[in-house]
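This report concerns only the one structure given below.
Chain letters run A, B, ... following the sequence lines, proteins first and then strands; every chain starts at 1.
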Amino acid sequence: MHKFLIVVVGPTGIGKTKTSIEIAKHYKTDIISADSRQIFKELKIGTATPSEEELREAKHHNIGSHSIHDYYSAWEFEQDALKFTEELFKTHNQLVLTGGSMMYIDAICKGIDEIPTIDQELRDNLMNQYNTEGIDSIRRQLKQLDPVFYEQVDLMNHKRVIHAVEVCLMTGKTYSSLRTNTVKKRPFQIIKVGLELEREEVYNRINLRVDQMIEMGLVEEAKQFYPLKELNSLNTVGYKELFGYFDGDYDLNKAIELIKRNTRRYAKKQLTWFKKDAETQWFRPNEIAKIISHIDSLILNCNS
RNA sequence: GGUACCAUAGCUCAGUAGGUAGAGCAAUGGACUGAAAAUCCAUGUGUCCCUGGUUCGAUCCCAGGUGGUACCA
């Protein structure tokens with residue numbers, strides 16, 4: 001009997017939570033979240049974490065499991081997701097995985113290369129170097145440490161350049177030699193379902209949802225974390241814009257407009273990423289019956 | 001009803017001393033291997049309200065419409 005991981009992807013606000021719950025209920029199974037922000041227990045409103053009621057409808061894993069102070073990355077996600085699947089596939093033949101974090105989805109579906117976690121001190125030092133000496137200094141260092149990757153990397157993107165350098169310094173090997181570009185084998189089949197609507201409809205839903213978040217008390221939620229605004233976990237749409245408002249850079253209405261715009265841009269970016277994956281079958285979020293029958297036919301095909 | 005002003009990109013507007021146009025915002029396309037809701041790259045999308053007139057040529061000048069705004073009745 002094959003095991004199936006049903007992966008539900010789509011832009012933010014399209015209804016992944018609702019659709020995933022319907023699918024999970026149909027297969028009487030659990031949901032693993034692949035969301036880089038809903039993992040933080042402190043962030044509820046701004047991350048559109050499923051409601052108490054929704055969490056009761058289907059068991060969710062990896063939601064509210066960490067603190068905003070914790071270090072978490074795609075690597076940790078891969079490890080966690082593998083643990084969840086190993087455990088849950090003992091008692092289920094299907095599992096649902098859903099979320100909007102593109103790299104997390106790839107981490108579980110394809111795997112990522114083994115690279116040690118970078119010491120915070122090393123990262124801080126390089127960041128410092130970047131801030132004082134500029135990107136050129138880091139680029140020169142990369143050219144020397146890993147000329148191969150230097151040719152491939154987007155030299156305008158300081159995060160990529162810095163990361164490559166820190167990996168080289170951390171491991172004593174070139175970053176390019178650690179990038180194997182292989183897809184890891186998983187002990188389960190993967191079925192990818194994409195949710196989409198007309199662009200305008202997606203944007204309308206986003207704008208509406210942001211207004212609802214404000215009504216639910218997003219401003220107050222963000223205010224609590226204002227002193228911690230430098231944390232990476234709070235470099236998040238919905239919070240960073242409000243921090244700018246608290247700083248006095250603009251008024252609340254402007255902050256709300258910025259949240260809407262940045263959420264729209266995020267949705268567009270997700271679509272660009274997810275659309276590239278030819279394995280994904282696309283549906284409208286309310287086409288539950290169609291989605292289920294699509295999944296069933298793939299399962300049947302695989303098991304016969 | 002009268003007078004004045006306005007009509008240019010999705011929005012707010014600039015502009016062309018007559019040679020089919022450009023800013024801001026919004027938007028669009030893309031990249032992506034441990035910060036990824038992060039980070040980075042690229043892109044101007046247009047019956048210049050309509051119909052005539054003058055002109056080699058009109059978005060620009062003239063006339064008449066239409067719509068809007070303000071003021072006067």
Side-chain angles (χ1 to χ4, degrees), chain A residues 11-13 16 33-40 43 45-49 66 68-81 99-120 122-124 126-127 130 135 138-139 149 152-164 166-167 170-171 175-184 199-200 202-203 206-207 209-210 213 218 222 230-243 250 254 257-277:
Chain A
T12 188
K16 292 191 293 294
S33 167
D35 190 299
S36 70
R37 293 300 186 259
Q38 289 178 6
I39 57 164
F40 299 120
L43 310 183
I45 299 172
T47 58
T49 292
H66 293 73
I68 52 175
H69 298 280
D70 294 339
Y71 177 80
Y72 200 83
S73 72
W75 169 256
E76 279 74 24
F77 178 77
E78 183 184 3
Q79 306 312 306
D80 287 347
S101 299
M102 303 153 276
M103 202 161 71
Y104 285 19
I105 303 273
D106 275 3
I108 181 61
C109 292
K110 301 176 182 170
I112 52 180
D113 292 322
E114 297 223 9
I115 289 167
T117 298
I118 307 298
D119 287 341
Q120 193 57 46
L122 175 59
R123 174 162 291 182
D124 290 346
L126 281 166
M127 202 55 206
Y130 168 69
I135 183 82
I138 311 280
R139 282 182 191 148
F149 191 67
Q152 302 167 357
V153 72
D154 174 3
L155 288 167
M156 300 299 281
N157 191 328
H158 71 276
K159 282 201 178 190
R160 301 265 162 71
V161 180
I162 289 174
H163 181 60
E166 52 188 27
V167 170
M170 185 88 191
T171 61
Y175 182 48
S176 50
S177 70
L178 295 169
R179 287 156 55 92
T180 62
N181 210 15
T182 53
V183 175
K184 290 183 191 166
R199 185 69 63 93
E200 197 187 345
V202 174
Y203 287 180
I206 286 171
N207 294 339
R209 193 174 71 168
V210 171
M213 286 177 176
L218 179 58
E230 300 306 326
L231 290 179
N232 178 63
S233 52
L234 289 167
N235 186 186
T236 298
V237 175
Y239 299 88
K240 57 182 177 185
E241 297 84 357
L242 285 169
F243 296 153
Y250 38 75
K254 176 74 179 172
E257 281 315 303
L258 288 174
I259 293 172
K260 289 177 179 173
R261 183 198 68 185
N262 290 342
T263 307
R264 291 194 296 265
R265 289 181 177 173
Y266 175 48
K268 192 167 92 67
K269 206 169 66 168
Q270 288 173 307
L271 281 167
T272 299
W273 181 292
F274 292 137
K275 280 287 179 176
K276 260 198 316 188
D277 192 337

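Residue A:Lys276 has a polar side-chain atom (N or O) positioned under 4.0 Å from OP1 or OP2 of B:C32. The phosphate of B:C25 has neither OP1 nor OP2 within less than 4.0 Å of any side-chain N or O from A:Arg261. Residue A:Arg160 places no side-chain N or O under 4.0 Å from the OP1 or OP2 atom of B:A36. At B:A36, one or more side-chain N or O atoms of A:Asn232 fall inside 4.0 Å of OP1 or OP2 (strictly under the cut-off). The shortest distance between the side-chain N/O atoms of A:Tyr104 and the OP1/OP2 oxygens of B:A36 is below 4.0 Å. Side-chain nitrogen and oxygen atoms of A:His163 include none within less than 4.0 Å of the OP1 or OP2 phosphate oxygen of B:U33. Taking only side-chain nitrogens and oxygens, A:Thr272 comes nearer than 4.0 Å to OP1 or OP2 of B:G30. A close approach under 4.0 Å does not occur between any side-chain nitrogen or oxygen of A:Tyr72 and OP1 or OP2 of B:A35. Taking 4.0 angstrom as the limit, A:Arg37 places a side-chain polar atom (N or O) nearer than this to OP1 or OP2 of B:A36. For B:A27, the OP1/OP2 oxygens have no side-chain nitrogen or oxygen of A:Lys268 closer than 4.0 Å.
One interatomic measurement links the two molecules: CZ of A:Phe274 to C1' of B:C32, which rounds to 13 Å at whole-angstrom precision. A:Arg123 has its CZ atom 12 Å from the C1' atom of B:A36, to the nearest Å. Taking atom CD1 on A:Ile162 and atom C1' on B:A36, their separation rounds to 15 Å, with Å as the unit. We find that CD1 of A:Ile115 is positioned 14 Å from C1' of B:C32, with the value rounded to whole Å. With rounding to whole Å, A:Ile118 atom CD1 is found 8 Å from B:A35 atom P. Between the NZ atom of A:Lys240 and the C1' atom of B:A36 there is a distance of 11 Å, given to the nearest Å. When the P atom of B:U39 is taken as reference, atom CG of A:Asn157 falls 9 Å away, rounded to whole Å. Atom-to-atom, CG of A:Asp154 to C1' of B:U39 comes out at 9 Å; the value is rounded to the nearest Å.
Atom name C1', nucleotides B:U12 and B:G68: the rounded distance is 16 Å, in whole Å. Separating the C1' atom of B:C49 from that of B:U8 is a span of 10 Å, rounded to the nearest Å. Going from the P atom of B:U45 to that of B:C41 covers 22 Å, rounded to whole Å. On the P atoms, B:A36 is 29 Å away from B:U43, given to the nearest whole Å. Distance check on atom P: B:G19 versus B:U59 gives 11 Å, rounded to whole Å. Comparing the P positions of B:U47 and B:A21 gives a spacing of 13 Å, expressed to the nearest Å. A distance of about 37 Å separates the C1' atoms of B:G64 and B:C25, rounded to the whole Å. Annotation: B:U20 and B:G65 have their P atoms spaced 31 Å apart (nearest Å).
Between the side chain of A:Lys269 and the base of B:G30, no donor-acceptor pair of N or O atoms lies under 3.5 Å.
Here the closest non-hydrogen pair linking A:Thr12 and A:Ala267 is CG2-CB, 4.0 Å.
No side-chain heavy atom of A:Phe77 sits under 4.5 Å from any side-chain heavy atom of A:Ile39. Two residues are said to be in side-chain contact when any heavy atoms from C-beta on lie closer than 4.5 Å; A:Glu114 and A:Leu178 fail this criterion. Between A:Tyr203 and A:Glu200, every side-chain heavy-atom pair lies at or beyond the 4.5 Å cut-off. The side-chain heavy atoms of A:Leu258 and A:Tyr250, taken from C-beta on, include a pair separated by under 4.5 Å.
Base pairing analysis places B:C32 opposite nothing; no Watson-Crick or G-U wobble pair with both distances below 3.5 Å involves it. Of all nucleotides present, none satisfies the Watson-Crick or G-U wobble test against B:C48 with each distance under 3.5 Å. In a base pair of the Watson-Crick type (N1 to N3 plus N6-O4 or O6-N4) or a G-U wobble (N1-O2 and O6-N3), with each distance short of 3.5 Å, B:G22 is matched with B:C13. Taking a pair to require two hydrogen-bonding distances under 3.5 Å in either a Watson-Crick or a G-U wobble arrangement, B:A27 pairs with B:U43. Nucleotide B:U69 has B:A4 as its partner under the Watson-Crick or G-U criteria, with both atom distances under 3.5 Å. Under the Watson-Crick or G-U wobble criterion, with both distances below 3.5 Å, B:U55 has no partner in any strand shown.
Residue A:Asn262 is out of contact with every strand shown, counting any heavy-atom pair closer than 4.0 Å. Here A:Gly46 lies in heavy-atom contact (under 4.0 Å) with a base. Among the protein residues, A:Met102 comes within range of the sugar-phosphate backbone only, with heavy atoms under 4.0 Å from sugar or phosphate atoms but none that close to a base. Counting non-hydrogen atoms under 4.0 angstrom, A:Ser101 reaches the backbone sugars and phosphates but no base. Within 4.0 Å (heavy atoms only), A:Thr47 reaches at least one base atom of the nucleic acid. Within 4.0 Å (heavy atoms only), A:Phe40 reaches no atom of the nucleic acid at all. The residue A:Glu114 sits close to a base: some heavy atom pair falls under 4.0 Å. Heavy atoms of A:Phe77 sit nowhere under 4.0 angstrom from any nucleic acid atom. Note on A:Asp35: a base of the nucleic acid sits closer than 4.0 angstrom, heavy atoms only.
Between A:Thr117 and A:Tyr266, the one whose closest nucleotide on RNA chain B sits nearer the 5' end is A:Thr117. Residue-to-nucleotide proximity on RNA chain B shows that, of A:Glu76 and A:Tyr203, the 5′-proximal contact is made by A:Tyr203.
Listed candidates were B:A35, B:G34, B:C40. Nearest to the side chain of A:Ala74 is B:G34. Set against B:A36, B:U33, B:A27, the side chain of A:Arg179 has B:U33 as its closest nucleotide. Minimum atom distance to the side chain of A:Arg264 is reached by B:A27, of the listed B:U39, B:C32, B:A27. For A:Arg265, counting side-chain heavy atoms from C-beta on, the closest listed nucleotide (B:C40, B:A27, B:G34) is B:A27.
Under a cut-off of 6.0 angstrom, the local environment of NZ in A:Lys184 is crowded, with over 12 non-hydrogen atoms contributed by other residues, nucleotides or ligands.
A distance of 6.0 Å or more separates the ring centres of A:Phe40 and A:His66.
Below 30°, between 30° and 60°, or above 60°: for A:Tyr175 and A:His163 the angle between ring planes is above 60°, a perpendicular geometry.
Cation-pi check for A:Lys275 over A:Trp273 is not met; the charged atom does not lie both under 6.0 angstrom from the ring centroid and within 45 degrees of its normal.
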Original post:
Yes or no on side-chain hydrogen bond (donor to acceptor under 3.5 Å, both in side chains) for A:Asp113 and A:Thr180, after CA distance, side-chain angles and deciding distance?
Top reply: CA-CA 7 Å; A:Asp113 292 322; A:Thr180 62; 2.4 Å; yes

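B:G34 takes the syn form, because its glycosidic angle lies no more than 90° either side of 0.
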